[in-house]
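Index from 1, following the sequence. These figures come from a predicted structure and were not determined experimentally.
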Amino acid sequence: MVQYRIPNLLTHLQPYIKPNNPNYDALKAEHVAWIDSSCFFNDENKKAWRHAEMPLLASRAFPKSSLGPLRVCLEYMVVSLLLEQLTDGPTTTAQAQKWKDIFKQAFKQTLKETQEPAEVIIKQLFTYGVLKAIKDPYRQCLIENNILLAEGMVKEAADRENPNTEHTLESYMKARRDTIGIRPMFVIGRWIHGLDIGHEVLMHPDIVKIEDGFVDLVFLANDLYSYKKEFFECGAHHNYVTISLRDPITGLHEKDRQGALDHTCQKFFEILVDLQHRKKALPSFGESEDSKVAMYVDLMMDVVVANIQWSLACKRYDLRIAGTAEAPKWGDVAFDMDPL
């Protein structure tokens, strides 16, 4: 066995760490009660959903939100995680396509009545919950981003079925931006904070690049912390760490797992520095829009930090802090695996 390490990403994010939302306990209690009372989950499913600890991610992502919007955010996250589970792992392209179509029907509010448990949850939480609460201009943007998410998951399923599919780091990053599912969280954040930013501002190339950068930070951190879990479940073929071993641009030996982890961390830090420069170089869109853009950039950083904190704290990835047998609060992560 070899011990591998992931450095503490939060060391570089200290100025952005905020206290957890005071509504967390109430949100968690409601969520656990929903899981326990659900007739759609068996005992194993219920345990897995508790371990996912979605309320922690929602409350960390939006630390100043009131309880009502947090509930809507959590409802969306439940549906998003359900879609991921339905289209991940051994799922075929045809099965992923089926769930993408069902997801799109839920957006259009044309999903028919059914007894299929997953479809019932999607309809209850998304059609009757999220879409009822979130109105335009945020609603249409949320729908568009979810269609891209569902389509990205179908493409990932197709990649799994085709053993000849080989991503470079560049092509993987482009594909991963569509499957990490974080853009809808940015939309929900704008809704929570009432940031009605003009479409032309959101589509400005500088804003698009900044948003892409924050998406990249989330998926790079996720790929690091989920790597061990993914490797044992399915070989972690769709993971930046794995692609780093295959892309000759990194200069890594194909079995240098620690080198690939370090390369992934370095990419995270490079993007973080680039984002700081891009934020300072933003053009002015007018006083009102500039204020909203600044708040939007801050909330995207909140989502990045929240995803790291959640990954370290939840039981989904079963992480351990270096030098102890305890789950990490914040710190370097160490895990043992057989060498490649």
Side-chain angles (χ1 to χ4, degrees), residues 3-21 56-64 169-170 172-173 176-177 180-183 185-186 189 206-228 239-244 249-250 252 256-282 293-314 316-317 319-324 326-335:
Q3 184 176 87
Y4 299 96
R5 286 178 175 250
I6 302 170
N8 183 9
L9 301 180
L10 292 174
T11 300
H12 298 258
L13 297 167
Q14 289 297 324
Y16 310 106
I17 295 176
K18 299 175 181 177
N20 196 5
N21 192 305
L56 178 62
L57 179 53
S59 62
R60 284 284 182 186
F62 305 114
K64 295 183 179 180
L169 287 175
E170 183 178 0
Y172 173 77
M173 289 185 72
R176 190 72 168 100
R177 287 173 187 148
I180 186 61
I182 211 65
R183 293 187 196 276
M185 290 288 286
F186 294 163
D206 290 344
I207 299 296
V208 171
K209 288 178 181 177
I210 284 179
E211 189 175 282
D212 282 348
F214 281 114
V215 172
D216 292 347
L217 291 182
V218 173
F219 88 66
L220 286 167
N222 181 262
D223 281 12
L224 282 164
Y225 293 130
S226 67
Y227 173 77
K228 180 181 177 182
N239 188 294
Y240 194 92
V241 178
T242 301
I243 309 298
S244 295
I249 196 173
T250 65
L252 293 170
D256 186 7
R257 178 183 278 142
Q258 185 61 59
L261 291 166
D262 293 342
H263 179 83
T264 306
C265 291
Q266 184 59 37
K267 185 65 176 179
F268 179 95
F269 298 139
E270 288 174 0
I271 292 174
L272 182 60
V273 171
D274 182 67
L275 277 171
Q276 292 166 347
H277 291 316
R278 289 186 181 279
K279 180 181 176 181
K280 293 177 181 178
L282 276 174
V293 166
M295 290 179 65
Y296 183 40
V297 171
D298 287 345
L299 82 81
M300 285 191 285
M301 182 60 83
D302 286 343
V303 173
V304 171
V305 174
N307 271 270
I308 296 171
Q309 293 173 317
W310 167 75
S311 297
L312 290 169
C314 77
R316 179 175 169 85
Y317 302 128
L319 300 174
R320 295 289 179 266
I321 196 165
T324 78
E326 301 298 324
K329 180 67 173 176
W330 327 122
D332 293 0
V333 169
F335 58 91

Contact list for residues 259-282, test salt bridge (charged side-chain N to carboxylate O under 4.0 Å, His left out), sequence neighbours left out | D274-R278, K279-D298
Without hydrogens or angle criteria, can the side chains of Y317 and N222 be said to hold a donor-acceptor pair below 3.5 Å?
-> yes
Look at the side chain of N21 and the backbone N and O of P63, then say whether any donor-acceptor pair between them is shorter than 3.5 Å.
-> yes
Check R60 against K18 and note the closest heavy-atom contact, atom names and distance.
-> NH1-O, 3.2 Å
Indicate the ring-plane relationship of F335 and Y227, choosing parallel, tilted or perpendicular according to the 30° and 60° boundaries.
-> tilted
For V303, the option from L217, L57, I182 that meets side-chain contact (heavy atoms from CB on, under 4.5 Å) = I182
side-chain contact (heavy atoms from CB on, under 4.5 Å), paired with T264, selected from I243, L224, T242 | L224
Taking all non-hydrogen atoms of both residues into account, name the closest pair between I6 and C265 and its distance.
-> CG2-SG, 4.2 Å
Considering only heavy atoms from C-beta outward, does the side chain of V304 approach that of Y16 to under 4.5 Å?
-> no
Which pair of heavy atoms, one from A306 and one from A61, lies closest together, and at what distance?
-> CB-N, 3.3 Å
If we only count heavy atoms from C-beta on, is the N307 to M185 side-chain gap below 4.5 Å?
-> no
Can you tell if the side chain of F214 reaches within under 4.5 Å of the side chain of V297, non-hydrogen atoms only?
-> yes
Check step by step if side-chain contact (heavy atoms from CB on, under 4.5 Å) holds for I249 and E170.
-> CA-CA 10 Å; I249 196 173; E170 183 178 0; over 6 Å; no
Are the side chain of T250 and the backbone of S244 linked by a donor-acceptor contact shorter than 3.5 Å?
-> yes
Separation between CG (L9) and CG (L272), nearest 0.5 Å, reads 9.5 Å
Q276 atom CD, neighbour heavy-atom count above 12 within 6.0 Å | yes
Under the side-chain contact (heavy atoms from CB on, under 4.5 Å) criterion, do L312 and Y225 qualify, and how do the steps go?
-> CA-CA 8 Å; L312 290 169; Y225 293 130; 3.8 Å; yes
Worked verdict on H12 versus V273 for side-chain contact (heavy atoms from CB on, under 4.5 Å) | CA-CA 10 Å; H12 298 258; V273 171; over 6 Å; no
Can you check side-chain contact (heavy atoms from CB on, under 4.5 Å) on M301 and L275, steps first, answer last?
-> CA-CA 10 Å; M301 182 60 83; L275 277 171; 5.6 Å; no
Flag if over 12 foreign heavy atoms under 6.0 Å of NZ, K209 | no
Scan for salt bridge (charged side-chain N to carboxylate O under 4.0 Å, His left out) pairs involving residues 212-226, sequence neighbours excluded, and state none if there are none.
-> R176-D223, R177-D216, R183-D212
Determine whether L13 and L10 make a side-chain contact, defined as any pair of heavy atoms from C-beta on separated by less than 4.5 Å.
-> yes
Look at the rings of Y172 and F219 and say which category their plane angle falls in: under 30° parallel, 30 to 60° tilted, over 60° perpendicular.
-> perpendicular
